[in-house]
Novice: 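Here's a structure for you.
Scope of the values below: all heavy atoms of this structure, side chains included, with no hydrogens, waters or symmetry mates.
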Amino acid sequence: MSSGSFTQALSLQGRVLWALCLREIHGKHGKSKLGYLWELLKTGFGVAVFWWIRAIAGLQSPSSMPLPLFLLLGFIPWHIFSQGVSMTMEAVRTNKSLLTFPQIFTLDLYVSSLLVVWVTEVVVLGIYVLILTLAGYQFQLYAPMILWAALAGIGFFAFAVGLVLSIAALFFPVVENLVRMAMRVLFFTSGVFFSPTQLAGRFGDIVMWNPILNFIELGRSAFITRMPAAHIKIFYITCLTVGLLALGLLLERHVRSRQAA
């Protein structure tokens, strides 16, 4: 393929993804009066509830950063993961009619669904960080690249998990129900409102095998130090993400015709 043909193909793919993202945005928020304001309210409500619970219990932030920022850096990665997995699993089923267009493949539907979730949550994070700054909270982002690595990593991980589970659900429909139950358990074990450093003994070591918790802790560490914290298993979450992504892409290629049927 010549460089000109490759550039044209890349440009076409970009336009396809852009159109799918706009369609996804309209389908997700276009019919709601609150629209994207709901994304801000949802995150703000979650932070406020757990902020209030910790205040009632007399618990301070487990790190040097302000408590609302600590909670925010838990909820945003969690939303990227939970919504990313959910939207990826539903991408083909809710947009199957689009596969009649020769320019659109099942992988395009997966990618556009995840992109909408990821960009939305990153924007929400930026807005709330600005609000906290204007409110007078003192904090510093020591390692912007670590924060971006954490956000990108949880996005790729969510995409990989959603891809594998969506294909598994083709053969075992009960997977969707199991995922919903698993999400409830994961929420309370992923460090959204606590730090593993608060957990004593062996239990603290066990929960660190939760990849979501590692991504959350990685993002928080960007506001604490210039290097990732020693307890974060970077090699583990990298290998797991790459392995699941490779598996998901191979499975998607194998069952593409079945998904389009």
Novice: Heavy atoms only: give me the nearest Pro66-Phe139 pair and the separation to one decimal.
Specialist: CD-CB, 3.9 Å
Novice: Sequence neighbours left out, what passes side-chain contact (heavy atoms from CB on, under 4.5 Å) with Met181? Give chain and number order.
Specialist: Leu178, Arg184
Novice: Hey, could you give me each pair passing salt bridge (Lys or Arg N to Asp or Glu O under 4.0 Å) that has a residue in residues 64-88? Not counting sequence neighbours.
Specialist: none
Novice: Rest of the hydrophobic cluster containing Val117 (Ile/Leu/Val/Met/Phe/Trp/Tyr, side-chain heavy atoms under 4.5 Å)?
Specialist: Met87
Novice: How about Leu40 and Leu37: do any of their side-chain heavy atoms sit closer than 4.5 Å?
Specialist: yes
Novice: Which heavy atom of Tyr110 sits nearest a heavy atom of Glu252, and at what distance?
Specialist: CE1-CG, 3.8 Å
Novice: Examine distances only and state if a side-chain atom of Asp108 and a backbone atom of Phe105 form a donor-acceptor pair shorter than 3.5 Å.
Specialist: yes
Novice: Please collect all side chain to side chain donor-acceptor pair (under 3.5 Å) contacts where either partner lies in residues 129-144, sequence neighbours excluded, each pair once.
Specialist: none
Novice: May I have the step-by-step check of side chain to side chain contact (heavy atoms under 4.5 Å, CB included) for Val16 and Ile104, ending in yes or no?
Specialist: CA-CA 7 Å; Val16 167; Ile104 299 177; 4.0 Å; yes
Novice: Quick check for you: to the nearest 0.5 Å, what is the distance between Thr94 atom OG1 and Glu24 atom CD?
Specialist: 6.0 Å
Novice: When rounded to the nearest 0.5 angstrom, what distance separates CZ in Phe75 from OG in Ser190?
Specialist: 11.5 Å
Novice: Say whether Val207 and Phe188 are linked into one hydrophobic cluster, either directly or through other cluster members, by side-chain heavy-atom distances under 4.5 angstrom.
Specialist: yes
Novice: Do Ile216 and Leu73 make a side-chain contact, defined as non-hydrogen atoms from C-beta onward lying under 4.5 Å apart?
Specialist: no
Novice: Is there a donor-acceptor pair closer than 3.5 Å between any side-chain N or O of Thr88 and the backbone N or O of Gly84?
Specialist: yes
Novice: To the nearest 0.5 Å, how far apart are CH2 in Trp118 and CG in Leu151?
Specialist: 6.5 Å
Novice: Does the side chain of Trp18 come within less than 4.5 Å of Leu115's, by heavy atoms?
Specialist: no
Novice: Sequence neighbours left out, what passes side-chain contact (heavy atoms from CB on, under 4.5 Å) with Glu176? Give chain and number order.
Specialist: Met89, Arg93, Ala169, Arg180
Novice: Do Ile212 and Phe235 land in one hydrophobic cluster if side-chain heavy atoms of ILVMFWY residues count as linked below 4.5 Å?
Specialist: no
Novice: Parallel under 30°, tilted from 30 to 60°, perpendicular over 60°: which one fits the rings of Phe193 and Phe187?
Specialist: tilted
Novice: Please name all residues satisfying side-chain contact (heavy atoms from CB on, under 4.5 Å) with Ile237, sequence neighbours left out, ordered by chain then number.
Specialist: Pro211, Asn214, Phe215
Novice: Within the 4.5 Å heavy-atom criterion, are Val129 and Leu141 side-chain neighbours or not?
Specialist: no
Novice: Can you get from Val242 to Leu245 by hopping between Ile, Leu, Val, Met, Phe, Trp and Tyr side chains that sit under 4.5 Å apart?
Specialist: no
Novice: Test Leu147 against Phe223 for side chain to side chain contact (heavy atoms under 4.5 Å, CB included), laying out the working first.
Specialist: CA-CA 8 Å; Leu147 178 61; Phe223 288 87; 4.0 Å; yes
Novice: Taking the side chain as every heavy atom from C-beta outward, state whether Leu107 and Leu249 have any atom pair closer than 4.5 Å.
Specialist: yes
Novice: What are the two closest heavy atoms between Pro196 and Leu213, and how far apart are they?
Specialist: CG-CD2, 3.6 Å
Novice: Answer yes if the side chains of Ser113 and Glu90 hold a donor-acceptor pair under 3.5 Å, and no otherwise.
Specialist: no
Novice: Sort and list the pairs that fulfil side chain to side chain donor-acceptor pair (under 3.5 Å) and have at least one residue in residues 227-250, not counting sequence neighbours.
Specialist: Glu217-His231
Novice: According to the salt bridge (Lys or Arg N to Asp or Glu O under 4.0 Å) rule, which pairs have a member within residues 116-142, sequence neighbours left out?
Specialist: Lys42-Glu121
Novice: Checking Val123 now: which residues fulfil side-chain contact (heavy atoms from CB on, under 4.5 Å) with it, not counting sequence neighbours?
Specialist: Val119, Ile127
Novice: Do Phe156 and Leu114 come within less than 4.5 Å of each other through their side chains, counting heavy atoms only?
Specialist: no
Novice: For residues Leu163 and Leu251, determine if any side-chain heavy atom of one lies less than 4.5 Å from a side-chain heavy atom of the other.
Specialist: no
Novice: Name all residues meeting the salt bridge (Lys or Arg N to Asp or Glu O under 4.0 Å) criterion together with Arg23; count only those two or more places apart in sequence or in a different chain, and write none if there are none.
Specialist: none
Novice: Counting C-beta onward and ignoring hydrogens, is there a side-chain heavy-atom pair between Phe50 and Leu67 closer than 4.5 Å?
Specialist: no
Novice: Is there a donor in the side chain of Tyr128 and an acceptor in the side chain of Thr43, or the other way round, less than 3.5 Å apart?
Specialist: no
Novice: Is there a path of hydrophobic side-chain contacts, each under 4.5 Å between heavy atoms, that joins Phe171 and Val161?
Specialist: yes
Novice: Hydrophobic side-chain clustering at under 4.5 Å (ILVMFWY, transitive links): who's grouped with Leu250? Put none if nobody.
Specialist: none
Novice: Is Phe172 reachable from Met183 through a run of hydrophobic residues whose side-chain heavy atoms are each under 4.5 Å from the next?
Specialist: yes
Novice: How many angstroms lie between atom OG1 of Thr189 and atom CG of Asn210, to the nearest 0.5 angstrom?
Specialist: 5.0 Å
Novice: In the hydrophobic cluster built from side-chain contacts under 4.5 Å, what are the other members alongside Ile232?
Specialist: Ile146, Leu218, Ile234
